[in-house]
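Only one structure is covered here, and it is reproduced in the block below.
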Protein chains: 2
Amino acid sequence: MTNIDHRPDPTLPEGTRPTRQRRAVVSALSASEEFRSAQEIHDVLRHEGENVGLSTVYRTLQALADAGEVDVLRGEDGEASYRRCSTSHHHHLVCRDCGRTVEIEGPTVERWAENVAAEHGFTDIGHSVEIFGTCPSCSASRT
Amino acid sequence: MTNIDHRPDPTLPEGTRPTRQRRAVVSALSASEEFRSAQEIHDVLRHEGENVGLSTVYRTLQALADAGEVDVLRGEDGEASYRRCSTSHHHHLVCRDCGRTVEIEGPTVERWAENVAAEHGFTDIGHSVEIFGTCPSCSASRT
DNA sequence: GCCAGAGTTGACAATGGTTCTCATTCCAGT
DNA sequence: ACTGGAATGAGAACCATTGTCAACTCTGGC
């Protein structure tokens, strides 16, 4: 599957050892276009014969997330999902049926968020923006 | 971007019985300006002498959320928090230290989200926007 | 190569929010 | 009051996530 948008494979944070386990997690992430939960990644690795402990999967994903190497998305149920992402700041357009994701850039929103927050005297501003919808193919296959 | 101050007390969804327990949950929500987790509300009620089971608190909050009577916000840890909200569509500016919340309206973002999604052929569009920051009083009391 | 020590791992336990179960209780209409 | 369906609540179950800690494994220095 071609990588149309700029989403380089994640790289391990500096100062960490490139162990077999961590490489496996990274490669599992690289192999998938969609968001995967820690548990799913753990399963994938198991089926590939790569034995990696669940704790390690969690730890590695968290490290990657902290380093900004992967996106973290929280589902309605609060479960965290991870996906490789472009390094620049961006948001997501997610299909609520199939989970297909498009990365979005929006200078408009960035500025808007900054302004609104500043107006209220808030500093140290961050924001999260997710757009949900039904993607073309899913709305086509709707009975 | 306007600051909405009108936040009516939530009302029980139709077709449900206005029991003592449900009333208590609603009134607890009405009494608070901030987001409260289900557990917190349960505690508040307990201290008020209103005995309401935890399950019931969860059920009631979920019903209210489904009916759009309250806002649901998921913290970083995935815990759900509830607050009464204005009925119109809006977003939040949340202080990451004290949890203080300001409701935000942003026609700009609404339009932007619609457009972006439409560009990609997505339909049935919804979105979630939250802005995080440090509020004036919290940034003042920082050591 | 060998060693030492810090980094890393993983089986398992523990945590904690949320949901489920089901016997009991409450409500509305007759 | 009577009755059936809705609602409740104590506790168990669930399950993602985090903590524990002994065993293991890199890496740099010798």
Side-chain angles (χ1 to χ4, degrees), chain A residues 10-29 34-67 69-83 99, chain B residues 10-29 34-67 69-83 99:
Chain A
T11 55
L12 274 334
E14 284 185 53
T16 63
R17 291 181 187 163
T19 61
R20 172 184 66 79
Q21 291 89 337
R22 296 215 248 248
R23 267 194 252 266
V25 170
V26 167
S27 110
L29 279 172
E34 307 307 339
F35 281 88
R36 298 274 175 249
S37 72
Q39 312 262 356
E40 285 173 338
I41 290 176
H42 182 240
D43 280 352
V44 167
L45 292 177
R46 167 143 301 172
H47 287 141
E48 284 177 357
E50 285 280 3
N51 262 52
V52 180
L54 187 52
S55 309
T56 302
V57 173
Y58 273 106
R59 275 188 295 244
T60 305
L61 287 174
Q62 222 156 49
L64 288 170
D66 286 349
E69 290 287 335
V70 297
D71 283 335
V72 190
L73 208 55
R74 289 238 173 222
E76 299 280 309
D77 57 352
E79 188 182 4
S81 295
Y82 303 83
R83 201 192 65 162
Chain B
T11 56
L12 272 335
E14 283 185 54
T16 63
R17 292 179 187 163
T19 61
R20 172 184 66 78
Q21 292 87 338
R22 296 215 249 246
R23 268 194 251 267
V25 170
V26 167
S27 109
L29 279 172
E34 307 306 339
F35 280 89
R36 298 275 175 248
S37 70
Q39 313 261 357
E40 285 173 338
I41 289 175
H42 181 241
D43 281 352
V44 168
L45 293 177
R46 169 142 299 172
H47 286 141
E48 285 176 358
E50 285 281 1
N51 261 51
V52 181
L54 186 53
S55 310
T56 302
V57 173
Y58 272 106
R59 274 188 296 243
T60 305
L61 287 173
Q62 219 155 51
L64 287 170
D66 286 349
E69 290 286 336
V70 299
D71 284 334
V72 192
L73 206 57
R74 291 241 172 218
E76 298 280 311
D77 56 354
E79 188 181 6
S81 294
Y82 303 82
R83 202 191 64 163

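Side chains are part of it too, since the values below use all heavy atoms of this structure and drop only hydrogens, waters and symmetry mates. A note on names: the letters A, B, ... follow the listed sequences, proteins ahead of strands, and every chain is numbered from 1.
At whole-Å resolution of the value, CG in B:L61 and C1' in C:dT19 are 14 Å apart. Taking atom CG of residue B:D77 and atom C1' of nucleotide D:dG19, one finds them 16 Å apart after rounding to whole Å. If you take CZ of B:R22 and P of C:dC26, they are 15 Å apart, rounded to a whole angstrom. Between the CD atom of A:E79 and the P atom of D:dC15 there is a distance of 11 Å, given to the nearest Å. Between the OH atom of A:Y82 and the P atom of D:dA16 there is a distance of 13 Å, given to the nearest Å. Atom pair B:R59:CZ and C:dG17:P shows a separation of 19 Å (rounding to whole Å applied). To the nearest angstrom, P of C:dG17 lies 10 Å from CG of B:L54. In this structure, A:L45 places its CG atom 14 Å from C1' of C:dG10, rounding to the nearest Å.
Comparing B:S81 and A:N51, the nucleotide of DNA chain C nearest to each residue sits closer to the 5' end for A:N51.
Using a 4.0 Å heavy-atom cutoff across all strands shown, B:E40 reaches no nucleic acid atom at all.
For the pair A:F35 and A:E40, the tightest heavy-atom approach, listed with the atom from each and the gap, is O-OE1, 4.0 Å. Looking at every heavy atom in both residues, B:A28 comes nearest to B:I41 through CB-CG2, 4.2 Å. Of all heavy-atom pairs spanning B:T60 and B:R22, the tightest one is OG1-CG, 3.8 Å. Heavy-atom minimum distance, B:R23 versus B:P18: NH2-O, 3.0 Å. What you find for A:E79 and A:S37 is that their closest heavy atoms are OE2-CB, 3.1 Å.
Considering A:V57, A:V25, A:V72 as possible partners of A:Y82, the one that fulfils the side-chain contact (heavy atoms from CB on, under 4.5 Å) test is A:V72.
Remark: A:T56 is in phosphate contact with C:dG10, judged by side-chain N or O atoms under 4.0 Å from OP1 or OP2. Of the side-chain N and O atoms in B:Y58, none sit less than 4.0 angstrom from OP1 or OP2 of C:dT19. Between B:R20 and D:dG9 there is a side-chain polar atom (N or O) within less than 4.0 angstrom of OP1 or OP2.
Rounded to 10 degrees, the angle separating the terminal helix axes of the helix from C:dG1-D:dC30 to C:dT30-D:dA1, each built from five base pairs, is 30°.
A:Q21 and A:T56 share no donor-acceptor pair across their side chains, judged by distance under 3.5 Å alone.
Among the nucleotides C:dT9, D:dA7, D:dA10, the one closest to any side-chain atom of A:T19 is C:dT9. Looking at the side chain of A:R17, the nearest of the listed nucleotides D:dT17, C:dA6, D:dA10 is C:dA6. Comparing C:dT9, C:dA28, C:dT18 by their nearest atom to the side chain of A:Q21 picks out C:dT9.
No N or O donor and acceptor, one from the side chain of B:R74 and one from the base of C:dG17, sit under 3.5 Å apart. Put simply, the side chain of B:S37 and the base of C:dG17 share no donor and acceptor less than 3.5 Å apart.
When the ring pair (Phe, Tyr, Trp, His ring centres under 6.0 Å) test is applied to B:Y58, no partner is found at least two apart in sequence or on another chain.
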